[in-house]
Every structure is written in C-alpha cells, then in structure tokens.
Amino acid sequence: MLIVPMMLAAAAAPTTAEAAITAAMTDSAAGWSTGDMPRFLAVYAEDAVFVTKDGLVRGKPAIAARYAKTYGADPAARGRLSFRMLGFRRIDANHRMLWAKWLLDYPGGKQDAGVTSLLFERQAAGWKIVSDHSS
C-alpha cells in the first residue's frame, strides 16, 4: 500500500516543476514588456548559454548585453512579449526541457514570433534557464 502514494508523489513532481517554470516564464515576459530587464533576465542562470546564429553567448551579463544591442534601450519599442508553452520533458529530478512559442507585439500592430528550446535546471533560487536556443 505504501507504493501507491510514492508513485503519486513521483508523478506530481513534474507538474509542480512545470507550474514553477511556467510562472517564471510569465514573470520574465512581464519584465520584458514593462522594460524591466533585470526581471526579464531573472529566469536565466548566471552561467547560462544562449545559442545564436553567430555562435554561443555565455553568461547572464553577455546575454543581457546581446538583448540590449539587438532590441535597444526603449522599452516601448521592444514590444510586449508572451509565451505559449508547447511541451515539457523531464530530463531528471533537476532538469526540464521546455519548448515554447514566443510572440512579440510591437507598437503599430507589427508582430514577430518564433520558437524556443529552453533547458531548465533546479537551483537554490528556483528553476533557471541554463541553455536557450531561440529562433
């Protein structure tokens, strides 16, 4: 009889992780949309790697600099960011893969969209992105 509750607890763990990751992504998007870059970047681990067409960007400070260069300093011009979660995969107890669609709504009605593959790691401060490949 003890096996059933343990199985239920194990099955519930990914749901809790997925909810925490979804909440972190929602908060990150809100940071982007309000021009609060530290809030947007809070979801990244300090040693995160961002995969770009030009190569790897290593570390949160370098990722922040790339976003500032690519999207500029004017929060209104950066648009409103949202994510639609496409799927999760449990890698192990401390790692989850997330696939999501991102959407940027710019002033004047222009939109941009793409997909992202994010590897999350459970750290002391919560679930953090350790690898980001967005296109």
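All values below were derived from every heavy atom in this structure, side-chain atoms included, with hydrogens, water molecules and symmetry-related copies excluded.
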Would you kindly confirm whether [X] and [Y] end up in one hydrophobic cluster when ILVMFWY residues are joined by side chain heavy atoms under 4.5 Å apart?
{"X": "Val115", "Y": "Leu104", "answer": "no"}
{"X": "Met85", "Y": "Leu118", "answer": "yes"}
{"X": "Leu119", "Y": "Leu86", "answer": "yes"}
{"X": "Phe83", "Y": "Val43", "answer": "yes"}
{"X": "Met97", "Y": "Phe50", "answer": "no"}

What pairs of donor and acceptor atoms, side-chain ones from residues 62-79 against any protein atom, are under 3.5 angstrom apart with sequence neighbours left out?
unit_1, atom_1, unit_2, atom_2, d
Tyr67, OH, Tyr44, OH, 3.2
Thr70, OG1, Arg66, O, 2.9
Asp74, OD1, Ala76, N, 3.1
Arg78, NH1, Gly72, O, 2.9

Please name all residues satisfying side-chain hydrogen bond (donor to acceptor under 3.5 Å, both in side chains) with [X], sequence neighbours left out, ordered by chain then number.
{"X": "Ser134", "result": "Thr116, Asp132"}
{"X": "Asp47", "result": "none"}
{"X": "His95", "result": "Asp92, Glu121"}
{"X": "Asp112", "result": "none"}

> Okay, side chain of Arg96, backbone of Phe88: is any donor-acceptor separation there less than 3.5 Å?
Replying inline: no

> If only atom types and distance count, is the side chain of Lys128 paired as donor or acceptor with the main-chain N or O of Ala42 below 3.5 Å?
Replying inline: yes

> Please, which pairs that meet side chain to side chain donor-acceptor pair (under 3.5 Å) have at least one residue in residues 53-63, sequence neighbours excluded?
Replying inline: Glu46-Lys60

Distance-only donor-acceptor hits, side chain of residues 19-29, under 3.5 Å, sequence neighbours excluded:
unit_1, atom_1, unit_2, atom_2, d
Thr22, OG1, Glu18, O, 2.8
Thr26, OG1, Thr22, O, 2.9
Asp27, OD1, Arg39, NE, 2.9
Asp27, OD1, Arg39, NH2, 2.7
Ser28, OG, Phe40, O, 2.6

>> For Ser33, give me all partners under side chain to side chain contact (heavy atoms under 4.5 Å, CB included), at least two apart in sequence or on another chain.
In response: Arg80, Leu81

>> Listing request: all ring pair (Phe, Tyr, Trp, His ring centres under 6.0 Å) pairs with a residue in residues 101-135, at least two apart in sequence or in separate chains.
In response: none

> Going through the checks in order, is the side-chain contact (heavy atoms from CB on, under 4.5 Å) test met by Val49 and Val57?
Replying inline: CA-CA 6 Å; Val49 175; Val57 178; over 6 Å; no

